[in-house]
Amino acid sequence: MRKVWLLVLVVVCHGIFSNGVVTNSSTRPDVVNVGAILSYKSIIGKVAKVAIEAAVEDVNSDPTVLPGTKIKLTMQDSNYSGFLSIVEALAFMEKDTVAIIGPQQSVTAHIISHIANELQVPLLSYSATDPTLSSLQFPFFVRTAQNDLYQMAAIADLVNYYGWREVIAIYVDDDHGRNGIAALGDKLAEKRCRISYKAPMSPDSTRDEITNLLVKVALMESRIVVLHTYAGPGPVVLNVAHYLGMMGTGYVWIATNWLTTILDTNAPLDSDATDDFQGVITLRMYAPDSELKRKFVSRWNNLTSGKSTNGSFGLSTYGLYAYDTVWLLAHAIDAFFNQGGIISFSNDSRLTEFHGGSLNLDAMSIFNGGNLLLQNILQVNMTGVTGPIKFTSDRNFIYPAFEVINVIGTGFRRIGYWSDYSGLSVVPPEMLYAKPPNRSSESQRLYNAIWPGQTTERPRGWIFPNNGRHLNIGVPRRVSYREFVSQVEGTDLFKGYCIDVFTAALNLLPYAVPYKLIPFGDGINNPSSTELVHLITTGVYDAAIGDIAIITNRTKIVDFTQPYVESGLVVVAPVTRLNSNAWAFLRPFTPMMWGVTAIFFLIVGAVVWILEHRINDEFRGPPKKQVVTVLWFSLSTLFFAHKENTVSTLGRLVLIIWLFVVLIINSSYTASLTSILTVQKLSSSVKGIESLINSKDPIGYQQNSYARNYLVEELGIRESRLVPFNMPEDFAKALKKGPGGGGVAAVVDERAYVDLFLSTRCEFSIVGQEFTKAGWGFAFPRDSPLAIDMSTAILRLSENGDLERIHDKWLTRSACTSQSSTFEVDRLQLKSFWGLFLICGLACLLALIVYFILMVRQFSRHYSDDFESSGRSSGSKSFQTFLTFVDEKEEEVKNRSKRRQMEKASNRSVGEDESTNSSKRRYTESCSSKSLDRCEEA
């Protein structure tokens, strides 16, 4: 179809082609033919024409680029006509043209790209920014400016930065406008924003058509308008908007870079023109400051003098990119020749069938070196007046960036930058490239802007549309707990706590909200809040108010306000009152606790007796007396009334630790007993949700409450155990009957309902802890700005006390719930004190071990001689001796040991005397048998 359409267009150009085909040129020809298609009188074209001519002159005068070869530029004026652009592109194809600079518009580029693909002639456009031109469908189209995809990403970041969620898009209804706005929609979706209304307009729209379009826009809710058009109709749109009062306070206008093109090219503008632009935010393709750029800017006035009947004109960024496009092409052609490329053309075999025809289609030839030149274009790496020039893998320029411009007075002010690398910032993007990319919300920053209406306060971005439409708000028709929300019989009015909170919050909003309350439910059963919320997503309701719990599956489909009621799930069960009795003093401790405490009293008493028995007279005496002493001593420590003194170091250590344990136990017992005797207690067989899970008793819940799903899906309770009820009276009857009488063991419901239920029913109570955390809020569609404002209003109600006053009006407590009764607390158990008992037990064990070691050493020292003299004795006799030794008083053992030592010493001296006398006798007898003289000599 494209080929047929192309042939139809060529028919109109009948006779413009000449016969023949150009053949090979030399490797380095003197001249390279390059074409250019642009509109001389357009605001982009007149700047680009001067820039391209200057670039060709600079390239041809630079011997380092294309040595020995000149660029021969042929320009064609399309005169705002896409049709003429196509004709001119076809004309270039018969003139050995190796590349075409242009076309100027994206619409024309879509068509000419098919011709370029067929004849393999690269197209280099500095102004066709349609994102879809980068697709693989157009391999010979090369964009030498910033892709509109990045411009739309910058706008999406601006919308997100200022906290807006919906925008209105006004755009020209052609490839440039439609594809740009489609890219904007995708980028907004990434930020959880969206285009709420699209307003297409014809490129040739009249003022009346634009007026009708803007009247529709004014009726929309959003006040954020993105204007994506051309420099021709754009100012007309803003002028009409100014006339309609749409440039006042509350509006936000974001214009694409067509506006900065006007500001740069036609500066300075007269005050009448700038009045229509006041407060507008616009973007400008960013070209970093450099020596090359400053030199070119300084030449601009000389280059433009005499080029226009209206005098000189300014330099826009399109002029900078057009200038760099020529240099980029020159470097690519030079690389093409360096790689042995030859400029040659050949016939298109698919056009030979038209040979000799009146259309001369066979005059168009394929550029044989087109692919090689295209590859060299995409591999260029240079620095131009727009900064570093290099293509990415998706054939876009590296480092895409824009300036964020705020139009003020007769000029404009730059309030920041946007780059694909780091988002919004107030420093030039090239200063951020050396750092790691940072797109966090804290790093995004812009200077303050002046908005339409000469205000610096950030516009809210939306209002309720003035089109007579009311918000349809769904309200549940409750049959129970009507204090929260109920419909007044015979009217369309609603009343209740939730309704009063909603109306009070609305009254705090700085704008009026027209609404209509619509009942939801049959009035027989309580309606499902989940179904009500789901109807918001289908468009049946614009919002929902009432006793709607904020739970996970609902937050996935709607937005909730700040909770105005805290309400989690609790367990309600029948309770009985515990009165004091004669044995109330035993209730603070469990039986196990009592038993372990008594055992430790005896253990400590026995340990202290063992440690003190040998050295302390108070722990000695007849067996009966010693047993009484142990019992008395251990029990008297309970009141710190023990009179027996401890002498041993080990005994004192054990006693100190035990007295600390007794202090803790005594204090805990006293506190618990005081509570039992002074505070009225309630008792129930159900202790909380854990006991319900472990039992098999039936459980009641409120019909259509989320409690059912939670019990089944989260806690794993069988659905057969759950019994739905509608009215509080049904709850009370089922709880009184109990599981054995066809009722339920407990009821699981939201805390807000339960508090109201218990306000007049003292025979029931909440048992256990609240096992979920939730709240009630008003539901709105996803990303609704009204949800945010209502949340702020609810917080103000809470801070100024109005929320509490509304609560007291509808949910006042009765005397029943104000009684000072609490549910039976757990008795003090062993697990709360086992650490103390462990420390005390280890102390006793350690003391006994040390004591036993000392006894064994003393025993071996005092009785070692007896064992040696008597030889080896039996084990039983030794053990009996050891027990006797342990039972003896230490002082007696020491005295006996001293006597034994003295006796040993005495016996040793007697033995020595006898030995001396015996030696003398033997000596005398010896002398008598010898001569007297020898004995005397001796």
Side-chain angles (χ1 to χ4, degrees), residues 34 36 38-40 42-59 62 65 71 73 75 101-105 124-129 142-148 150-151 154 231 256-267 282-304 307-308 312-332 377 380-391 396-405 412 414 417-420 428-430:
V34 175
L38 61 160
S39 297
Y40 292 172
S42 68
I43 195 168
I44 295 177
K46 66 181 181 181
V47 174
K49 183 177 183 296
V50 175
I52 292 173
E53 290 173 343
V56 171
E57 181 179 350
D58 293 343
V59 168
D62 189 344
V65 181
I71 292 179
L73 179 69
M75 284 191 177
I101 298 176
Q104 189 172 304
Q105 291 186 332
L124 293 86
S125 179
Y126 53 86
S127 58
T129 55
V142 180
R143 181 187 292 106
T144 57
Q146 297 296 352
N147 192 332
D148 263 352
Y150 298 113
Q151 183 171 207
T256 49
N257 60 347
W258 63 264
L259 180 54
T260 52
T261 302
I262 295 176
L263 297 175
D264 291 334
T265 307
N266 297 338
T282 184
L283 299 174
R284 176 167 60 190
M285 289 184 289
Y286 176 65
D289 188 32
S290 65
E291 185 66 24
L292 286 174
K293 180 181 176 181
R294 288 193 294 270
K295 287 182 178 179
F296 185 67
V297 171
S298 66
R299 296 169 52 196
W300 187 252
N301 286 335
N302 293 331
L303 292 173
T304 57
K307 297 291 184 179
S308 175
S312 63
F313 44 84
L315 173 62
S316 67
T317 52
Y318 284 114
L320 298 176
Y321 279 102
Y323 182 84
D324 278 347
T325 299
V326 176
W327 278 94
L328 184 154
L329 179 59
H331 282 283
I377 290 173
V380 167
N381 187 358
M382 57 172 275
T383 300
V385 295
T386 59
I389 296 177
K390 185 179 180 181
F391 289 96
N396 289 312
F397 274 166
I398 59 172
Y399 305 138
F402 289 84
E403 296 177 77
V404 183
I405 304 297
F412 54 86
R414 183 176 55 227
Y417 304 87
W418 177 92
S419 69
D420 188 51
E430 63 269 18

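The structure presented is a predicted model; accordingly, all values stated were derived computationally and were not measured. When a residue number appears, it is its place in the shown sequence, counting from 1. Heavy-atom basis, side chains included; hydrogens, waters and symmetry copies ignored.
A donor-acceptor contact shorter than 3.5 Å links the side chain of Q104 to the backbone of S39. Checked by atom type and distance alone, the side chain of N381 never pairs as donor or acceptor with a backbone atom of K390 at under 3.5 Å. Not a single donor-acceptor pair under 3.5 Å links the side chain of K293 to the backbone N or O of T386. Put simply, the side chain of S125 gets close to the backbone of P103: a donor and an acceptor are under 3.5 Å apart. Put simply, the side chain of T260 gets close to the backbone of L283: a donor and an acceptor are under 3.5 Å apart.
Considering N257, T265, T261 in turn, N257 is the only one that fulfils the side-chain hydrogen bond (donor to acceptor under 3.5 Å, both in side chains) rule with Y318.
Taking CG of D324 as the reference point, atom OG1 of T144 lies at 8.5 Å (rounded to 0.5 Å).
For R299, the side chain to side chain donor-acceptor pair (under 3.5 Å) partners at least two apart in sequence or on another chain are D58.
Enclosure of atom CZ in F412 by more than 12 non-hydrogen atoms of other residues, nucleotides or ligands within 6.0 angstrom is indicated.
Using the six-membered ring where Trp is involved, Y286 and Y417 have ring planes that are perpendicular, over 60° apart on the 30 and 60° scheme.
Taking the ring axis of F313 as reference, the NZ or CZ atom of K46 stays within 45° of it and closer than 6.0 Å to the ring centre.
For Y323 and F296, the gap between ring centers is short of 6.0 Å.
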